[in-house]
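Please read the structure below before turning to the comments.
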Amino acid sequence: MTVKDSATVTMFASPASWIESDAVAQCHQVAALEGMIHVAGMPDLHPGKGAPIGAAMASSVLYPLLVGSDIGCGIAVFPIRLGRAAPEKLARRFPDLDRALDPERDADDPAWDVARDDIPAGHEEGLGTVGRGNHFVELARVATIEDPGHASRLGLSAGDLVLVVHSGSRGLGERILRAHTEVHGAGPAADPVAYLAAHDDAVRWGSLNRRLIAARVAHALGAEPTEAVVDQCHNLVEIHDGVYLHRKGAAPGDGRDVLVAGTRGTASYLVAAHAGAAANHSVAHGAGRKMSRADALRRGRAKHTVEQLRRTPVGSVVVCGDRQLLFEEAPTAYKRIEQVIADLVGHDLATPVATTIPLVTYKTPDLSDRQIRHNRESRQNRESRRERGRR
DNA sequence: ATGTCC
């Protein structure tokens with residue numbers, strides 16, 4: 001009989017941080033995988049589909065499922081210069097980011113200036129779209145400067161405006177993971193070199209997408225697009241010290257600057273990351289979900305009105321025509337970002353540089369009265385069809 | 001997370 005040793009699991013969270021036991025259990029399941037060396041759980045750890053979210057997992061074997069389907073997902077920060085305007089007014093000027101930029105039909109769109117001629121993997125579908133789930137584009141104000149020297153090297157001062165873009169590789173990453181799981185399920189990549197080549201395309205595509213999104217929004221708000229001061233991917237695999245380092249909802253922590261996203265109703269933290277080997281060179285990527293989407297929807301409907309959720313306690317405006325998503329992504333569905341940051345600082349993984357406060361958080365276009373009428377009519381038609389079917 | 005499972 002052989003007894004396989006499990007990899008080490010280290011949690012970078014204080015007892016004050018509530019970590020769901022299901023997520024810790026997932027870390028131990030991952031630790032038992034063949035070839036696994038070390039699992040580091042970040043303070044925003046929460047259960048994911050097949051793998052925990054908020055974890056960095058080092059292994060001698062490459063497991064595509066530990067990166068997930070949104071390969072290349074990340075958060076970028078773009079400075080933006082705007083005249084004075086109220087959040088409500090700016091919110092109405094955001095472009096429709098569910099509508100993809102078509103390289104032919106939209107050939108004249110100035111956002112392409114950031115793309116030059118290279119579209120990774122030639123994947124044109126969904127370019128310039130933000131996606132769903134926890135993805136967003138946010139116009140935010142730099143609120144506090146925690147490290148003046150570092151902030152000034154990034155060109156950031158209190159009061160400056162930035163666009164924070166959280167998005168990934170849309171259909172491309174999903175296609176890459178599906179091609180793997182259809183043959184190998186949760187097993188390792190049979191051809192790591194081939195997987196990594198496709199994966200690297202998705203990572204580049206995700207970064208390009210964030211730049212395109214920021215450029216679209218900047219133009220729509222009457223500003224010039226800028227280079228990102230921060231752009232870190234939190235779903236990827238890197239070869240680090242000769243092993244595969246899988247990050248799933250964990251940002252690179254080896255000397256890079258990372259925006260750790262709060263919620264649409266709380267601050268976000270730009271941090272200088274300096275996580276070592278024990279943390280698998282990684283830091284948290286956000287506040288982390290406290291409630292499942294189903295719980296957030298059920299409890300949110302009892303607790304909040306749509307109007308409350310569209311205007312947050314910090315006075316920012318949420319653009320989200322999808323009612324369900326509005327509840328699922330409510331600030332109360334997330335952990336306290338201050339505790340996540342305190343845990344990163346307490347474990348010496350990162351140092352705060354600046355905080356940002358949201359002005360406008362864009363998820364998906366608001367519905368026009370015409371669309372609301374149309375949706376209601378088609379729902380009634382569906383229901384009456386179903387009713388007729390029963391008779 | 002995802003041109004998504006009715």
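Both backbone and side-chain heavy atoms feed into the values below; hydrogens, waters and symmetry mates do not. The chains referred to below are lettered A, B, ... by the order of the sequence lines, with proteins before strands, and numbering in each begins at 1.
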Atom pair distance, as rounded to whole Å: CG in A:Leu65 and P in B:dT2:
16 Å

Once you apply a heavy-atom cut-off of 4.0 Å, does A:Gly171 come out as touching a base, just sugar-phosphate, or nothing?
sugar-phosphate

Step through the shown structure and confirm whether more than 12 heavy atoms of other residues, nucleotides or ligands are within 6.0 Å of CZ on A:Arg178.
yes

Which word best sums up how the rings of A:His123 and A:Trp205 line up, parallel for under 30°, tilted for 30 to 60°, or perpendicular for over 60°?
perpendicular

Not counting sequence neighbours, which residues clear side-chain hydrogen bond (donor to acceptor under 3.5 Å, both in side chains) with A:His180? List them please.
none

For A:Arg204, does the CZ atom have more than 12 heavy-atom neighbours from other residues, nucleotides or ligands under 6.0 Å away?
yes

So, do A:His246 and A:His240 have ring centers that fall under 6.0 Å from each other?
no

For B:dT2, take OP1 and OP2 only and decide whether either is under 4.0 Å from a side-chain N or O of A:Arg175.
no

Quick one: which protein N/O atoms are closer than 3.5 Å to N/O atoms of nucleotides 4-6 of chain B? Pair and distance per line, please.
none

